[in-house]
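As structure tokens, the structure follows; a few thoughts come after it.
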Amino acid sequence: MEDAFLDELDERGRASAAVVVNLDADTRTCPACLHVYAKGPVRCPECRLHIGA
Ligand SMILES: [Zn+2]
């Protein structure tokens with residue numbers, strides 16, 4: 001019901017926050033395909049999305 005709806009929103013919010021945090025971590029999570037890779041390449045090795053330095 002309403003609680004489940006709010007939980008879903010919160011879960012999505014946490015996932016987005018985790019992607020942002022990972023830009024400064026030793027690993028990055030591609031925001032497009034969620035592939036996790038070691039920082040270094042400016043493109044996701046999985047989907048070639050340009051992430052930036
Ligand atoms: Zn990707």
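All figures in this text were calculated on a predicted structure; none of them were measured in a lab. In each ligand, atom 1 is the first atom listed, and ligand 1 is the first ligand listed.
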Would you compute the distance between atom SG of C30 and atom NE2 of H35 and round it to the nearest 0.5 angstrom?
8.5 Å

Taking the Zn ion (ligand 1) as the center, what protein N, O or S atoms are found at less than 2.8 Å?
C30 SG, C33 SG, C44 SG, C47 SG

Non-neighbouring partners of R43 that pass side chain to side chain contact (heavy atoms under 4.5 Å, CB included), sequence neighbours left out:
R48, H50

Check side chain to side chain contact (heavy atoms under 4.5 Å, CB included) between P41 and all other residues, then give those that pass, not counting sequence neighbours.
Y37

Considering all heavy atoms of both residues, which atom of V36 and which atom of T27 are nearest to each other, and what is their separation?
CG1-CB, 4.0 Å

